[in-house]
Participant: 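One structure, as structure tokens, below. Some questions next.
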2 protein chains.
Amino acid sequence: MPRPSQRDRILDAYTELVVTSGPETVTLEAVATAAGVSKGGLLYHFGSREALLEGLLERARGLNADDLAAARAAPEGVAHYYLRTSVDEPVAGSPVYRATVALIKLATTEPRAAEATRACLAGWRAALTEELGDPLSADLVAAVGDGIYLRAIVGDSSEGLGAAIDEVLRRASPR
Amino acid sequence: MPRPSQRDRILDAYTELVVTSGPETVTLEAVATAAGVSKGGLLYHFGSREALLEGLLERARGLNADDLAAARAAPEGVAHYYLRTSVDEPVAGSPVYRATVALIKLATTEPRAAEATRACLAGWRAALTEELGDPLSADLVAAVGDGIYLRAIVGDSSEGLGAAIDEVLRRASPR
DNA sequence: GTCTATACGCGGATAGAC
DNA sequence: GTCTATCCGCGTATAGAC
């Protein structure tokens, strides 16, 4: 399965529109225009709306796996990495982050997106448990990160938490 | 503004469909059928799709305000109440809970729903800060609760956390 | 590969009978 | 108040030219 650059540009546009306008509002026409092609052109690359969704899902899975791997290799540790990026990315807006937010938004409607989201969350929880040892600490950190995502999706920020990541991690651990 | 029973039945059906199928998938036809009326009948009570949304929003706000008041009056305290219900309700499925989940799902697409959601979250955070004193503790508990909601929306459960609410609250507080 | 034109179905909304 | 019938616009998908 080759990856012609045009496919990616279309997926980028789709992702962006889902993030900003929410799913279902997004029409093929809108995606095509944003990607700089016509509706017909888009449908050459992705035969249907369903195929377009599948493309986004697949890419989101891949980006998330890479991100998780990066976290595992990061000196700061998985837990710190997860909280830090959860808080920072809404501003930075990396590809992974955008893809993940799109994934969650799509999850409200599409069962396959919901499943993909669960898989991603499970991956982080596993990595956190592995690193922190204590299951409750891991679940706690995971929940906080998830909560930050929810807020971002709803248009809320979590600065307070972002400024105190180290303290949060300290409290999460058993005393 | 009187509250004829039929209006509520329609809003119930709408809420239920949004929770199960996600927004936008829900057609007026489907809502009408689920509520036991025809499309025309529904449109007598709610002049448009927009009006229907507004009805749900308003009711969700009211239910949430009541719930928050109940939490403030609860012997267990706001923090415990918030975490406990966040974990338990996905199973129990009270009206408030359903309305809130519908609200969040709608928030991915509708700006007004997003705003209503932010208002609800802000209300809980304020009550938590008031009760716990320490702002970070409050933000931490709030984030955990929000994370539990995100999981529920994505079809994930948070049993692990639910079994250890007291311990979570202990860790959330300053040491 | 990418475009234009077009067919088709569906969902929202109105009109008017009962 | 609630229903049926109908109109209209929009979004997906196809056909076929370039």
Side-chain angles (χ1 to χ4, degrees), chain A residues 1-59 102-103 105-113, chain B residues 1-59 102-103 105-113:
Chain A
M1 184 180 287
R3 266 171 76 208
S5 168
Q6 195 71 312
R7 267 184 70 101
D8 283 332
R9 288 182 52 200
I10 292 171
L11 285 180
D12 285 342
Y14 180 40
T15 304
E16 184 61 22
L17 286 172
V18 170
V19 170
T20 55
S21 320
E24 314 294 314
T25 323
V26 179
T27 67
L28 296 185
E29 177 81 52
V31 174
T33 304
V37 291
S38 71
K39 216 196 288 194
L42 186 159
L43 284 165
Y44 168 78
H45 294 285
F46 298 92
S48 68
R49 184 185 179 78
E50 176 64 21
L52 186 59
L53 171 68
E54 194 55 47
L56 187 148
L57 257 45
E58 199 164 329
R59 205 172 64 160
L103 203 59
K105 286 204 171 195
L106 286 165
T108 59
T109 307
E110 305 282 351
R112 324 182 60 169
Chain B
M1 185 179 287
R3 264 171 79 209
S5 167
Q6 196 70 313
R7 268 184 69 102
D8 283 332
R9 287 182 52 200
I10 292 171
L11 285 181
D12 285 342
Y14 180 41
T15 304
E16 185 62 20
L17 286 172
V18 169
V19 170
T20 57
S21 320
E24 314 294 313
T25 322
V26 179
T27 67
L28 296 185
E29 178 81 52
V31 175
T33 304
V37 292
S38 71
K39 216 197 287 193
L42 186 159
L43 285 164
Y44 168 77
H45 294 286
F46 298 92
S48 68
R49 186 186 178 78
E50 175 64 22
L52 186 60
L53 172 68
E54 194 55 47
L56 187 148
L57 257 46
E58 200 164 330
R59 205 172 66 159
L103 202 61
K105 286 204 172 195
L106 286 164
T108 59
T109 307
E110 305 282 351
R112 326 181 57 169

Participant: Whole angstrom is fine here: how far is it from CG in B:L52 over to P in C:dG11?
Facilitator: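 From B:L52 CG to C:dG11 P: 15 Å.
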Participant: Which atoms form the tightest heavy-atom contact between B:V18 and B:V26, and what is the distance?
Facilitator: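 Shortest heavy-atom separation between B:V18 and B:V26 comes out as N-CG2, 4.0 Å.
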Participant: Whether B:D12 and B:R7 form a salt bridge (side-chain N of Lys/Arg under 4.0 Å from carboxylate O of Asp/Glu) is what I want to check.
Facilitator: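 Salt bridge: no.
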Participant: Kindly write out the residues that satisfy side chain to side chain contact (heavy atoms under 4.5 Å, CB included) with A:T33, not counting sequence neighbours, or none if the list is empty.
Facilitator: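 Per chain and number, A:T33 pairs via side chain to side chain contact (heavy atoms under 4.5 Å, CB included) with A:E29.
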Participant: Could you tell me how far apart A:I10 (CD1) and C:dG1 (C1') are, to the nearest whole angstrom?
Facilitator: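 Computing the A:I10:CD1 to C:dG1:C1' distance gives 11 Å.
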Participant: Checking A:E54 now: which residues fulfil salt bridge (charged side-chain N to carboxylate O under 4.0 Å, His left out) with it, not counting sequence neighbours?
Facilitator: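 Result, salt bridge (charged side-chain N to carboxylate O under 4.0 Å, His left out) vs A:E54: A:R61, A:R112.
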Participant: Could you pull out all residues at least two apart from A:V19 that satisfy side chain to side chain contact (heavy atoms under 4.5 Å, CB included)?
Facilitator: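 By the side chain to side chain contact (heavy atoms under 4.5 Å, CB included) rule, A:V19 matches A:T15, A:V101, A:A102.
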Participant: In whole Å, what is the span from the OH atom of B:Y14 to the C1' atom of C:dG12?
Facilitator: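 Rounding to the nearest Å, OH of B:Y14 and C1' of C:dG12 are 13 Å apart.
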Participant: Which residues satisfy the salt bridge (charged side-chain N to carboxylate O under 4.0 Å, His left out) test with B:E110, sequence neighbours excluded?
Facilitator: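 Counting only residues at least two positions away or on another chain, B:E110 forms no salt bridge (charged side-chain N to carboxylate O under 4.0 Å, His left out).
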Participant: Can you give me the N/O atom pairs linking the protein to nucleotides 12-16 of chain D at distances under 3.5 Å, or say none if there are none?
Facilitator:
{"from": "D:dT12", "atom 1": "OP1", "to": "A:R49", "atom 2": "NH1", "distance (Å)": "2.6"}
{"from": "D:dT12", "atom 1": "OP2", "to": "A:L28", "atom 2": "N", "distance (Å)": "2.9"}
{"from": "D:dA13", "atom 1": "OP2", "to": "A:R49", "atom 2": "N", "distance (Å)": "2.9"}

Participant: Just the rounded figure in Å: distance from P of C:dG1 to OH of A:Y44.
Facilitator: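 From A:Y44 OH to C:dG1 P: 4 Å.
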Participant: Need the bend value for the helix from C:dG1-D:dC18 to C:dC18-D:dG1: angle between end axes, 5 pairs each end, nearest 10°.
Facilitator: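 Axis angle across the helix from C:dG1-D:dC18 to C:dC18-D:dG1, nearest 10°: 0°.
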Participant: To the nearest Å, give me how far apart CZ (B:F46) and C1' (D:dG1) are.
Facilitator: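 After rounding, the gap between these two atoms is 14 Å.
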Participant: Got a sec, which residues hit side-chain hydrogen bond (donor to acceptor under 3.5 Å, both in side chains) with A:E16, two or more places apart in sequence or on another chain?
Facilitator: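 side-chain hydrogen bond (donor to acceptor under 3.5 Å, both in side chains) check on A:E16 returns A:R98.
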Participant: With a 4.5 Å limit on heavy-atom distance, are the side chains of B:Y14 and B:L53 in contact?
Facilitator: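 They are in contact (side-chain heavy atoms under 4.5 Å apart), so the answer is yes.
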Participant: Whole Å only: how far is the CG atom of A:L17 from the C1' atom of D:dG11?
Facilitator: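 So the CG-C1' distance, A:L17 to D:dG11, works out to 15 Å.
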